[in-house]
Amino acid sequence: MALFGKHTAADDPAQGATPLGLAPKSATSGPLFKPQVDPYPKGAEPVEPAPQAPVADPTPVAAPAFSQPAPGRQYDQTPSSPKSYPKTTRAALRRNQYLGNQDPWQVTQQNLLDLQEQITQTKAQLRQELLDQRSCLRHDWRQQTADLTPASPEHQATVDKLQQQIDTLNEALIKWFGTQKIANHVYFNKKRHYFLLDTTLRDLSGAQRALFKSLRGFFQGMQIPLSQLSTDFDANLASRVQQLAQDKLLTPKAAVLNQYRDLQELDDTVKFKPDIPLSAEMTKEHDDEHNLDKVYDGNQQLVMVIAYLGDQQIQTIAHYRADRMISRDIFDANGAVSSTQYFEQSSNERLLRENFYRQDGSLVLIKSYQENEPYIQLLSRSNVLMAVFNSELELTLWWLRHDVFNSETSILIPTDSPLYQPLLDIEDLKVEIIPILADYQAHDDITSQLMTLDSPIDSVLVTQQDAKTYLETQTQRELDVSVLPEVPVVMKRPTKLAACRSFSGPLSG
C-alpha cells in the first residue's frame, strides 16, 4: 500500500422462479397412494383409440350413454378431454398426474403465483437499473455543467443529450413505479480520486474506527481506493498509518496525504542520521523507564534530554539551560529534524514559536504565539515570504485549494468534522464534496441544510437506512443517497506510538 504520495489529477440476479406450470408436489406421494403411470409421455399428445370396424352381431345392444375407457387406460374425470385444454395446460396436466392429479385451476393458480413472483423480481431489477443509469448520467451532467463559463454549441449539445436521457429514465420510473422522486445511489467513478478528509488520524474513537472499516468494505467492493487526508502535524504518522493498515481500516492501494508532510516535502526514501552535539566532557545517563537519555555538561548541569521511539529512533531532543527547557527538536521517522519549538524560560515553558522545516533543512513555516507577530508565515525555499495566515484553518483551506483540490477530486468528510462547514463556505469550489451523515436526527440542522434548494451538495453517504428514507421523501431537490454497510462499534485501545504529543502546542514529557 502506498503510504504517502503527492496527489495527482484521476438484487442479486432473480432467483429462479418455479417454471410456469409446475406445482408443488402433492401429499399423495405417501405410502397409502400408489404412483400413477403417466399416460402421456412428455412431449406426446393424447391419442384417441383408432376406430374399429363394426362386427356383425345378430343381437344388437344399445350403445351406452358414455363410452368406456379402454382396458388399462385411466382418464381424468373432467367434463372434457385433456386435448381440449391449451398446450401449456396439457403439459402441466401431464406432469401433475404424477404429483397427485391436481385440478387444472390449481395448476393455473400456481402459474399466476409464479408469474407474480417473476414480475416482482423483474420490477426490482428494472428499478435498480434505472437508478444506476440515472445516477451515472447525473454525475456526467454535473461534471459538464460545473464550469460557469459560457458553453460552446458542441458542449451545450452534450449537456442537452444527457438531460434528454435523464428525462427518459424519469418517464420510465413514473410509468412503472408511479414517481421519479427516488434517490439515486451515489455514483463513484474509478477515474476519480477519492479522499476521506479529517483533521487527524491519531487516537481514533470506536465510532471513527467503525466508520473507517465500513468505508473500507464499501470502496473495496467497488475496487476503488479511498485515500486519506489529514491536516495536523504528526511526526509519527508513518507508524500510525502502518498500524491502521494492519488493523484493516484502510483500503488497498490507498495513499495518505498530510498537510504538514506535503508542505515539508518529505520523502520516506531518504534517511538521515541525527547529529547529536556531544562534547568530551559531557556525560550521558539512560532512563530505561522512560526510554530516554539525559545529557549533562562538565558541571553536571542538564543540557539535553534525548527521547527515543523504540530502540534506536530519536523522537525528540530537548535543550535545557539552568534546568529550564529552552527548545525542543522533533524528528521524523527518517531521522530528519521536522520541527523546533522554542519556549520562554520565565513563564513556565510557555511556547513562543514553532519552526517547521523541509527535508533539506530550509524553513517552510513559522508559527508564532506572540501577540505582535503574524500567527503563521509560509516561506519559499529561499526564505521569501509567500503568505500569512491568521489561523490554522486558513492555512488548511489554502493548502487544500492549492495542493489537493482539482476537477478530478472527490472529498468525503464527516458532517461533524470542524472542516465540513468551512469547506461549504468556499466560493467557486471546483471539487465534489460528499458528506458522511452518521446520525441524521442528532444533526437535524445539517440534515435540513442538505435538503434545501441552495445546498451545494449533490451526494451524501448515510449510516442508517432510515436516514436515506427521510432524505428521499423530505428533500426539496434531487439528492443521491447511499447507505454504508453497518459495522459494530468496537472500542480498541490505541497503540502507544510515543510518550508525547507533537502538534500545535508543547509536547508533554
Side-chain angles (χ1 to χ4, degrees), residues 3-7 195 197-202 228-238 240-241 255-268 270 272 274 314-319 325-344 349-405 418-419 422-423 426 498 500-508:
L3 293 181
F4 304 100
K6 185 70 179 179
H7 173 63
F195 288 91
L197 171 63
D198 215 335
T199 54
T200 184
L201 292 177
R202 69 173 82 234
Q228 302 291 325
L229 278 175
S230 61
T231 63
D232 65 335
F233 177 73
D234 187 354
N236 300 317
L237 184 60
R240 209 176 307 282
V241 170
V256 177
L257 191 60
N258 173 264
Q259 172 182 309
Y260 281 85
R261 286 182 58 93
D262 185 59
L263 292 173
Q264 294 176 278
E265 303 175 9
L266 299 187
D267 183 355
D268 288 321
V270 180
F272 297 86
I314 295 178
Q315 183 187 22
T316 63
I317 298 180
H319 302 271
M325 182 170 59
I326 59 174
S327 68
R328 174 163 45 199
D329 299 320
I330 302 172
F331 292 78
D332 62 25
N334 303 314
V337 178
S338 182
S339 172
T340 299
Q341 299 174 321
Y342 296 92
F343 301 89
E344 183 180 0
E349 300 181 356
R350 183 174 73 88
L351 182 64
L352 299 176
R353 188 175 72 252
E354 288 180 292
N355 290 347
F356 298 88
Y357 309 97
R358 295 182 181 87
Q359 203 161 45
D360 62 2
S362 63
L363 195 59
V364 60
L365 282 175
I366 300 175
K367 297 177 71 173
S368 175
Y369 302 93
Q370 305 278 60
E371 292 184 0
N372 59 344
E373 294 182 3
Y375 177 44
I376 301 176
Q377 302 176 61
L378 176 66
L379 306 175
S380 69
R381 195 178 300 276
S382 56
N383 287 331
V384 175
L385 181 64
M386 298 174 59
V388 175
F389 307 98
N390 294 321
S391 66
E392 190 79 24
L393 177 61
E394 283 189 13
L395 172 62
T396 294
L397 296 179
W398 179 91
W399 172 69
L400 289 172
R401 294 196 66 174
H402 286 78
D403 289 3
V404 180
F405 291 170
L419 297 175
L423 278 183
I426 297 178
C500 61
R501 292 178 62 84
S502 51
F503 62 118
S504 303
L507 296 173
S508 58

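This structure is a prediction, so every number in the text was calculated from the model and none was measured.
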**Complete:** Contacts of L385 meeting side chain to side chain contact (heavy atoms under 4.5 Å, CB included) (sequence neighbours excluded), chain-then-number -> Q377, L379, V388
**Request:** Return the minimal non-hydrogen interatomic distance between P274 and G335, and the atom names on each side.
**Result:** CG-O, 3.6 Å
**Residues that E371 engages under side chain to side chain contact (heavy atoms under 4.5 Å, CB included), provided they are two or more places apart** = none
**Message:** Give me the atom names and distance for the closest heavy-atom approach of L363 to R358.
**Reply:** O-NH1, 3.1 Å
**Message:** Angle between ring planes, F233 versus Y260, binned at 30° and 60°: parallel, tilted or perpendicular?
**Reply:** perpendicular
**Request:** Carefully, step by step, assess T340 and E354 under the rule side-chain contact (heavy atoms from CB on, under 4.5 Å).
**Result:** CA-CA 6 Å; T340 299; E354 288 180 292; over 6 Å; no
**Asked** Between OG1 of T199 and CG of D234, what distance do you get to the nearest 0.5 Å?
**Response** 11.0 Å
**Item:** Residues in salt bridge (charged side-chain N to carboxylate O under 4.0 Å, His left out) contact with E394, at least two apart in sequence or another chain
**Value:** none
**Message:** Can you confirm whether the side chains of S338 and Q264 place a donor and an acceptor under 3.5 Å from each other?
**Reply:** yes
**Request:** For the residue pair I376 and I366, establish whether any side-chain heavy-atom pair is separated by less than 4.5 Å.
**Result:** no
**Prompt:** Is L365 close to L378 at the side-chain level, that is, under 4.5 Å between some pair of heavy atoms?
**Reply:** yes
**Request:** Salt-bridge test for D268 and R261: reply yes if a basic N is under 4.0 Å from a carboxylate O, no otherwise.
**Result:** yes
**Message:** Please report the interatomic distance OG(S368) to CG(L352), rounded to the nearest 0.5 Å.
**Reply:** 8.0 Å
**Complete:** Closest non-hydrogen atoms of Y357 and N355, given as atom of the first, atom of the second and distance, are OH-CB, 3.5 Å
**Asked** Only one of N258, D232, V256, L229 clears side-chain contact (heavy atoms from CB on, under 4.5 Å) with L201; which?
**Response** V256
**Request:** Could you check Y369 against Y375 for side-chain contact (heavy atoms from CB on, under 4.5 Å), going step by step and ending with a plain yes or no?
**Result:** CA-CA 6 Å; Y369 302 93; Y375 177 44; 3.9 Å; yes
**Item:** Donor + acceptor pair across side chains of Q359, E265 (<3.5 Å)
**Value:** no
**Message:** Quick check for you: to the nearest 0.5 Å, what is the distance between F343 atom CZ and I326 atom CD1?
**Reply:** 10.5 Å
**Request:** Any chance you could measure L397, atom CG, to F389, atom CZ, to the nearest 0.5 Å?
**Result:** 10.0 Å
**Message:** Is there a side-chain contact between F356 and V337 in this structure, where contact means two heavy atoms from C-beta onward sitting under 4.5 Å apart?
**Reply:** no
**Item:** Worked verdict on R381 versus V364 for side-chain contact (heavy atoms from CB on, under 4.5 Å)
**Value:** CA-CA 7 Å; R381 195 178 300 276; V364 60; over 6 Å; no
**Prompt:** Going by atom types only, do Q259 and T231 share a side-chain donor-acceptor pair under 3.5 Å?
**Reply:** no
**Asked** To the nearest 0.5 Å, how far apart are CD1 in I330 and CG in N236?
**Response** 9.5 Å
**Asked** Does any non-hydrogen side-chain atom of T316 lie less than 4.5 Å from one of D329?
**Response** no
**Asked** How about Q228 and L257: do any of their side-chain heavy atoms sit closer than 4.5 Å?
**Response** no
**Heavy-atom side-chain contact between D332 and L237 under 4.5 Å** = no
**Message:** Between R328 and H319, is there a side-chain heavy-atom distance shorter than 4.5 Å?
**Reply:** no
**Message:** Please evaluate residues W399 and L263 with respect to the criterion side-chain contact (heavy atoms from CB on, under 4.5 Å), reporting the C-alpha separation (whole Å), side-chain torsions for both, the decisive distance (0.1 Å), and the verdict.
**Reply:** CA-CA 8 Å; W399 172 69; L263 292 173; 3.9 Å; yes
**Request:** Determine whether I426 and R401 make a side-chain contact, defined as any pair of heavy atoms from C-beta on separated by less than 4.5 Å.
**Result:** yes
**Request:** Would you mind checking if K367 and E392 are paired as a salt bridge, meaning a charged N to carboxylate O distance below 4.0 Å?
**Result:** yes
